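First up is the structure itself, then whatever we jot down about it.
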There are 2 protein chains.
Amino acid sequence: MAKKFAKRMDNLKASEIRELLALTAKPEIISFAGGLPAPEVFPVEEWKAACNKVMDEQGQKALQYGPTDGDALLRQHIVERMKKVGVNNISIDDILILSGSQQGLDFAAKLFIDPGDCIIVESPTYLGALNAFKAYEPRFVEVELDEDGMKMDKLEEALKNNDRVKFIYAISDFQNPSGKTWTLERRKKLIELANKYDVFILEDNPYGELRFEGEIQPSLKSLDTEGRVIFMGTFSKILFPGIRLGWFVANPEVLEKFNLIKQGADLQSSTTVQMELAQFISDNDVEAHIQKIIDIYGKRKQVMVDAMKEFFPEGVTFTNPEGGLFLWVTLPEHMNAREVAAKAIEEKVAYVPGDAFFANEPKMNCFRCNYSCMPEDRIREGVQRLAKAIKDCM
Amino acid sequence: MAKKFAKRMDNLKASEIRELLALTAKPEIISFAGGLPAPEVFPVEEWKAACNKVMDEQGQKALQYGPTDGDALLRQHIVERMKKVGVNNISIDDILILSGSQQGLDFAAKLFIDPGDCIIVESPTYLGALNAFKAYEPRFVEVELDEDGMKMDKLEEALKNNDRVKFIYAISDFQNPSGKTWTLERRKKLIELANKYDVFILEDNPYGELRFEGEIQPSLKSLDTEGRVIFMGTFSKILFPGIRLGWFVANPEVLEKFNLIKQGADLQSSTTVQMELAQFISDNDVEAHIQKIIDIYGKRKQVMVDAMKEFFPEGVTFTNPEGGLFLWVTLPEHMNAREVAAKAIEEKVAYVPGDAFFANEPKMNCFRCNYSCMPEDRIREGVQRLAKAIKDCM
């Protein structure tokens, strides 16, 4: 046998975050490394009630095989949800239920990418997306972010200078890892360029509704003029991630292909949790729940930002996100965030070094901090420890 | 843009069964086309009790992200289950939880197959496996089945005459679609040939425990001498499929690769249903439940076989499975099972034409019948209608 495993496996290595999380599971460590939603606000009782209702009224159906595209009532609820991000003209036929939006990342690369095809990504971008895409052997082209989103002159350059660009991957709201949000102008320009250069846009929108201040931005999908935007949503951040449910919204031709991919990949997402989730949404005020999360995360973000202002030495900068779960710290150019991370672990505080979030050219002087799943006093204490580690490495 | 979608998409088309199932959903049609377990024996109350216990005692954990390899207690239960198919020497570290065993089919091809690599399959074989594999652009080599399993001389020929054979895909117990079961001798010979020709074996074992008579055969995994067998199990047929939970057992090197693939594909299977299932297994007598299913399916199989003996015209043969959910009908050579299917629909009875179950060279005169999800009188009535359709086409 020539080669034991497929060539794609050369590209796949263990997620840095997952390995780090194992290290940081010790209770004495204050970890800003994960990306977990706060479990103390999970509506456990309400979920239980929904499960009981489904089992009492439709138990056999809920435990049986179901349709590949997903539970009809759940998709109807998603039609309503999509209005919050400005998408008003869809029906349940435009939706495919996914086993978490991570599955959408895998499916998008599976649909579009032959080895050597090009994906344009933000720089930095979500590590888990890079790992999912890499299995299909793409070339990546990185386009820099500034405070307003992807730099549009650089994007047009990338589109001009690379053939076989299949799609642009964008997290336009409270990006993981940077916490940045695109302006409306940039969003419109992105659509214009995608139309001009005939490429798709993969919009990853897990955090858009978790805005602490100001108005929710219109999603890229809501600005889509030619059916080029593939929208990925998820219940992981607005409700809870353990049920692993997300969704695609896409044009009919693309969605039909995704349906075929879904059949091969896992037949369908769990009928059981889909029906339970549909019941939960029917019976509860999800908007009120989201507002509760926003209040908590907004306060935690502010505590982190305030502590960073107070304790970080000069020369260290950080983003101040208007929503989401993450902020991004930039050390002076000569510093190495991996070295600081080692020192930080000694100080019993952890984060994810930033280099893993770059597709091609890692920047070594930045890192990601999560603030969603920790009480405010631990955040303040953690930032103090972190400040000490940074100073020690300076 | 040169080509809108990846080359692999040329290979994927809608599952014949899924399309047919849509057609046959009408209540007046007696459908032998599906592959559903009988929902009337789903232990809905017991499942509900397990869910309530998990939510009461560990609700936050059950709704949160969890480990990629799966819930530890569930994997411990699987360690015990594997003893039923003769695998006694494993620990939870040898197990990866899957979102149904269909996901394992996708992962196996993703791990091993570069375009043009070879997969050896039974002829006929499971349609859903062919569709999952096709996304990775393999070559298929079919090896004929007789009453004792794969023909070993043909298998050795296939291994000799094809380079880049990556794995042999086998459903050795009550195969979907044929209902056939491999003898112990053939199983041992398969392992011997896999060792000799340095290839892996992908063992798909959803039905092994559903044996109506005789002893459960040792799984291929239990006969594995060099860590070449990748075992796929599922709860879909012994309990219920709506939760979408299956598992891999494989050697550490392979399992580590599957773990990376799982991270990219969907991060992890649902924490919620995994913990609920672990609780369910802790609190209930799963063996007694399986015995109940065996009794029901065994009776239904017998009714189908007896009715076929009574009503089918001469020249039509069929398998008489010792377990599982399916049997396989062979019409006289000159007949076409698709044409008979059209006539059968007129008679208000449905099955899946057999040609879709062949990787390369479809046989047109056979079809698959499912007997697991229908009352006995409907089975008898359906076979009568089917016999009329066959006679009309003769």
Side-chain angles (χ1 to χ4, degrees), chain A residues 1-2 5-9 12-15 18 36 39-40 42 44 47-48 51-52 55 59-60 62-66 68 99-100 102-103 106 110-114 117 128 131-132 135 163-166 198-199 240-244 257 260-261 263-273, chain B residues 1-2 5-9 12-15 18 36 39-40 42 44 47-48 51-52 55 59-60 62-66 68 99-100 102-103 106 110-114 117 128 131-132 135 163-166 198-199 240-244 257 260-261 263-273:
Chain A
M1 178 161 60
F5 301 125
K7 200 160 150 275
R8 70 177 60 84
M9 296 309 296
L12 297 192
K13 42 181 190 173
S15 155
R18 293 244 153 194
L36 303 184
E40 66 271 25
F42 290 167
V44 173
W47 177 256
K48 186 178 128 183
C51 295
N52 281 328
M55 285 302 141
Q60 290 184 8
L63 296 174
Q64 187 59 286
Y65 286 111
T68 296
S99 303
Q102 181 73 31
Q103 186 172 56
D106 179 68
K110 198 169 190 176
L111 175 58
F112 289 109
I113 303 299
D114 282 314
D117 282 351
N131 283 336
D163 60 351
R164 296 169 59 191
V165 175
K166 290 301 187 73
D198 190 20
V199 300
F240 24 76
I243 52 174
R244 312 301 305 121
K257 299 286 179 191
L260 290 179
I261 288 175
Q263 284 177 32
D266 64 3
L267 295 181
Q268 54 157 123
S269 295
S270 165
T271 324
T272 321
V273 287
Chain B
M1 178 159 63
F5 301 125
K7 200 159 149 279
R8 71 178 58 85
M9 297 308 296
L12 298 191
K13 41 182 191 173
S15 156
R18 294 241 152 196
L36 303 184
E40 66 271 25
F42 289 167
V44 174
W47 177 256
K48 186 177 128 183
C51 295
N52 282 329
M55 286 302 141
Q60 290 185 8
L63 296 174
Q64 186 60 285
Y65 287 111
T68 296
S99 303
Q102 181 73 31
Q103 187 173 55
D106 179 67
K110 198 170 189 174
L111 174 59
F112 288 109
I113 302 300
D114 283 313
D117 282 350
N131 283 335
D163 60 352
R164 297 170 59 191
V165 175
K166 290 302 186 73
D198 189 20
V199 300
F240 25 77
I243 53 173
R244 311 302 304 123
K257 299 286 180 192
L260 290 178
I261 288 176
Q263 284 177 32
D266 63 4
L267 294 180
Q268 54 157 123
S269 295
S270 165
T271 325
T272 320
V273 286

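Letters A, B, ... mirror the listed sequences (proteins, then strands); counts begin at 1. The analysis underlying the following values was restricted to heavy atoms, covering all of them including side chains, and did not include hydrogens, waters or symmetry mates. In this text the structure is predicted, and so the values were computed from the model without any measurement.
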Q: Sort Phe42(A) into side chain, backbone, both or neither according to what part of it lies under 4.5 angstrom from a heavy atom of chain B.
A: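 Contact with chain B involves the side chain of Phe42(A) alone.
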**Q.** Contact origin within Ile243(A) toward chain B - heavy atom pairs under 4.5 Å
**A.**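 The answer is both parts of Ile243(A).
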Q) If you look at every heavy atom in Phe5(A) and Asp114(B), which pair is closest and at what distance? A)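 Looks like O-OD2, 4.4 Å.
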Q. So, for Leu12(A) and Leu260(B), which heavy atoms are closest and what is the spacing to 0.1 Å?
A.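 Scanning both residues completely, I find the closest heavy atoms to be O-CD1, 3.6 Å.
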Which one wins on heavy-atom pair count under 4.5 Å against chain A: [options]?
options: Lys7(B), Arg8(B), Met55(B), Gln103(B); value: Arg8(B)
options: Val273(B), Asp266(B), Ile261(B); value: Asp266(B)
options: Lys110(B), Glu40(B), Gln64(B), Met9(B); value: Gln64(B)

Q: Using side chain to side chain donor-acceptor pair (under 3.5 Å) as the criterion, list what pairs up with Thr272(B), not counting sequence neighbours.
A: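 Not a single residue meets the side chain to side chain donor-acceptor pair (under 3.5 Å) criterion with Thr272(B).
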Q) side chain to side chain donor-acceptor pair (under 3.5 Å) with Lys48(A): which residues, sequence neighbours excluded? A)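 Residues passing side chain to side chain donor-acceptor pair (under 3.5 Å) with Lys48(A): Asp56(B).
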**Q.** For chain B, the option from Pro241(A), Ser269(A), Ser99(A), Gly264(A) that forms the most heavy-atom pairs under 4.5 Å
**A.**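 Most heavy-atom pairs within the cutoff with chain B belong to Pro241(A).
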**Q.** Most chain B-contacting option - heavy-atom pairs closer than 4.5 Å, from Ala265(A), Gly100(A), Ala135(A)
**A.**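 Ranked by contacts with chain B, first place is Ala265(A).
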Q.
Need one label for Ile113(B): side chain, backbone, both or neither, based on atoms under 4.5 Å from any heavy atom in chain A.
A.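 Just the backbone, heavy atoms under 4.5 Å.
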Q.
Taking Gly242(A)'s backbone N and O only, do any of them form a donor-acceptor pair with Ser270(B)'s side chain (distance below 3.5 Å, no angle check)?
A.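 Flag set: sc Ser270(B) to bb Gly242(A) pair under 3.5 Å.
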Q.
Let me confirm one number: the CZ-CG distance from Arg244(A) to Leu267(B), rounded to the nearest 0.5 Å.
A.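 Those atoms lie 5.0 Å apart.
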